[in-house]
Protein chains: 2
Amino acid sequence: MNETRDDHVIAVEALLRYLQCRDRVSTAERELVASLTMRFKTFRRGEDLVSENSRPNESCLVLSGFTGREVLLKDGSRQITAIHIPGDFVDLHALLLKLMDHSVVALTEAHAAYVPHAELVRISEAAPHLSRLFWLSTVVDGAIQRAWIACIGRRKPLHHLGHLICELSMRLNAVGLAPRHSFDFPITQSQLADVLGMSLVQVNRTLQALRRTGLIDWKGSTITIHDFDALAELSDFDPTYLNLMNEPR
Amino acid sequence: MNETRDDHVIAVEALLRYLQCRDRVSTAERELVASLTMRFKTFRRGEDLVSENSRPNESCLVLSGFTGREVLLKDGSRQITAIHIPGDFVDLHALLLKLMDHSVVALTEAHAAYVPHAELVRISEAAPHLSRLFWLSTVVDGAIQRAWIACIGRRKPLHHLGHLICELSMRLNAVGLAPRHSFDFPITQSQLADVLGMSLVQVNRTLQALRRTGLIDWKGSTITIHDFDALAELSDFDPTYLNLMNEPR
DNA sequence: CGTCAGATTGATATTCATCAAGATCGGTGG
DNA sequence: CCACCGATCTTGATGAATATCAATCTGACG
C-alpha cells in the first residue's frame, strides 16, 4: 500500500502546515500527528464528504480540491456557508456537536483523509497543546463565517467577490498553494452563486465587472491577482480574521 | 460587597444553565465553575463590552440584556453577526485567537461578568471535560453563524425574521428566559436591520407582514409567539443546529 | 406643550432575480 | 475530421424586490 503511505505523508504535512501557520508545533507534537491512523477517499464534484444528520466518529481532512458546507432550504435553494481548502478539517466540530446539521460536499474533484475521533482524542490527551490547536481550527472557521455574514449582509456584489478572492488567495498561500497570488479554482459560476448568495446571472456580471477593474485575471479555472493590495483595498479586506499570525496559543 | 456576591451567584447559574442544556455537569465541575473569580460591569445600549483590535485577557459572560458582535465596514454600514443572550460567553474564542477582529456591543442595557483567562485555564486543566464544554460553546456559536449565513443569503425576509424569532425563543427558553414562547426583546428596528442585513424600511414592512400572519405578537418590546410550530414551519426552522440536546460530549 | 427617538408610510430609483435565447467549449462517436 | 451534445458561460429583456429619500405619526418624558 504505497499509495496509502504517500497519502498519509500528504495528510500529515497538510495538517502541520495549517497548524504551523498559527503556532509553533514541537517535534513531539509533530510525531504525534504523524502517528494518526487514517483512511483515504476520493470524491467527484457534488459528492458528500460528510452527510447531514449523520453522527461521524471520524473527522475529515481535505487533501486536495475544494469542498463546501452546504445548507439546503426547503424551497430547493442552497447556500454554501464555508469553503474548505487542503489542510482544513471540515467537521472537527462534530467531535463535540455529534450530529451534523449540514453536509460537506465536494465543490471540485477532491481527496480527503478520515481520522477516527478516538485517535484525535488520544493525541489531544498526550499533548494538550494540540487539543488547543484543534479548538483553534474550529474557532478560525467561526471567524471566517463572521466575515462571510458581513459580506453577504452588507457588501456590494463586487466587493463581496473581491473579498472572497482575497481570502482564498491568502488561505491558499499560507499552505503553499497560491504562489504569487495565483491559484487554481475550478468552480462553476452556479456554485459561486450559492457561495455568494446571489443569482447565477448576477455572479456572471459581477465577475465581468471585476475583470474590467484589471485587478485580476480569471481564465479557465485559474485566478491571478495582479495587484493584491489594490484588490484588498477595493474589497475592504482585512486579513486579521484569518488569524494567520504565528503566536503562542 | 453583597451586590458582587449576588452577581457571582447569577453568573455561575447562568453559565451552568447554558452548559447543562447540552451535557451533564458533575458536582465537582459545578464547584470549579463556582470557584471562578470575576468582575462585573454594566453597559448602556451601544457601549462596547469588548473592543475590536483589543487583546483580551479575560472573557465576557452576559448576565442580562442582549449583546451583539458588530462588524463595521469602511462605507459606514454595519452588520451584526451574532446576538448573545444571558449565559453566553461572547468572546471565549479570544482565548485562542488573541486579537479581536470585531467588537461586541450592548444592543440593550446589559450586565456582564469578566472572567480572567488564567482562571478559565485553571479550571479547564482541573477538569478537561469543562474544557470540552468551553470548546463546545464556541462551536455552537459557529453553528448558529452558519444558520445565519443561510438566512441572509437565501431566505426571504419574512422567513428570515421568523427564523430569528424562533431561534431566540428557543435559546432563551433553554436558559429559562422565554416561558411559553414569550420574551422581552427591547431592540430597535434599525438595530434589527443590521442583524438581518436589510434596510430599516424593509424591516418595518417585514415586521408588519409577520404580524399579519397572526403567528406572533410584538408589542413594545415583548414578543409572544402564538403558534411556535407554525412559525417554525413557515420559517423553515430546524433547531438541530442549536445543539440543545443533552448528551455526553 | 415641545422635544426627541423610534415607528410608519408613500414615492421613486436602483438593484437584483428570473426568464429566455444564444454563444462557447470540450468531449464523443461516426 | 466533423457533426453533435451537454455543460457552462454570456447577453438582453422584464418585472419584482429592495434601498433610499422624505415626510408624517406616535409615545415617552421633561
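In what follows, every chain begins at residue 1, and chains take the letters A, B, ... in the order their sequences are listed.
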Asks: Could you tell me how far apart B:R78 (CZ) and D:dA19 (P) are, to the nearest whole angstrom?
Replies: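 Answer to the nearest Å: 16 Å.
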Asks: Is it true that A:Q208 and A:N204 share a donor-acceptor pair across their side chains at a distance under 3.5 Å?
Replies: yes
Asks: OP1 or OP2 of C:dC16 sitting under 4.0 Å from any side-chain N/O of A:S199?
Replies: no
Asks: Tell me, which of residues 200-218 of chain B have any heavy atom that sits under 4.0 Å from an atom in DNA chain C?
Replies: B:V201, B:N204, B:R205, B:Q208, B:R211
Asks: In whole angstroms, how far is the P atom of C:dT15 from the NE2 atom of A:H160?
Replies: 18 Å
Asks: Whole-Å distance between C:dA17 C1' and A:D194 CG?
Replies: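 These atoms are roughly 14 Å apart.
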Asks: Does the side chain of A:F66 come within less than 4.5 Å of A:L172's, by heavy atoms?
Replies: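 Yes, their side chains come closer than 4.5 Å.
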Asks: Could you tell me how far apart B:K156 (NZ) and C:dC16 (C1') are, to the nearest whole angstrom?
Replies: 14 Å
Asks: Assess whether salt bridge (charged side-chain N to carboxylate O under 4.0 Å, His left out) is satisfied between B:R211 and B:D217, documenting all intermediate values.
Replies: CA-CA 6 Å; B:R211 285 202 191 99; B:D217 212 58; over 6 Å; no
Asks: Taking atom C1' of D:dC9 as reference, at what distance in whole Å does atom NZ of A:K219 sit?
Replies: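 After rounding, the gap between these two atoms is 16 Å.
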Asks: Counting C-beta onward and ignoring hydrogens, is there a side-chain heavy-atom pair between A:Q191 and A:Q189 closer than 4.5 Å?
Replies: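 Side-chain contact under 4.5 Å: no.
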Asks: Hey, is the side chain of A:Q189 poking within less than 4.0 Å of OP1 or OP2 on D:dA7, counting only N and O atoms?
Replies: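 A:Q189 to D:dA7 OP1/OP2: no side-chain N or O under 4.0 Å.
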Asks: What is the distance, to the nearest angstrom, from the CG atom on A:L196 to the C1' atom on C:dC16?
Replies: 14 Å
Asks: Whole Å only: how far is the CG atom of B:L158 from the P atom of D:dA16?
Replies: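 So the two atoms are 19 Å apart, to the nearest Å.
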Asks: Can you confirm whether more than 12 heavy atoms, excluding those of B:K74, are under 6.0 Å from its NZ atom?
Replies: yes
Asks: Given the rule in the salt bridge (charged side-chain N to carboxylate O under 4.0 Å, His left out) test, do B:R171 and B:D88 qualify, once you have shown the distances and angles that lead to the verdict?
Replies: CA-CA 10 Å; B:R171 287 169 62 193; B:D88 287 351; 2.8 Å; yes
Asks: Here's a test of your reading of the structure: between A:S190 and B:M198, which maps to the more 5' nucleotide of DNA chain D?
Replies: A:S190
Asks: Would you please test B:D236 and B:R154 for salt bridge (charged side-chain N to carboxylate O under 4.0 Å, His left out) and show each step?
Replies: CA-CA 12 Å; B:D236 196 14; B:R154 289 300 189 204; over 6 Å; no
Asks: When you measure from every atom of DNA chain D, which of residues 145-154 of chain A have a heavy atom less than 4.0 Å away?
Replies: none
Asks: Contact between A:K41 and A:H111 at the side-chain level, heavy atoms closer than 4.5 Å - yes or no?
Replies: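 A side-chain contact is absent here, since even the closest heavy-atom pair is not under 4.5 Å.
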Asks: Rounded at 0.5 Å granularity, tell me how far CD in A:E167 sits from OH in A:Y241.
Replies: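 The CD atom of A:E167 sits 3.5 Å away from the OH atom of A:Y241.
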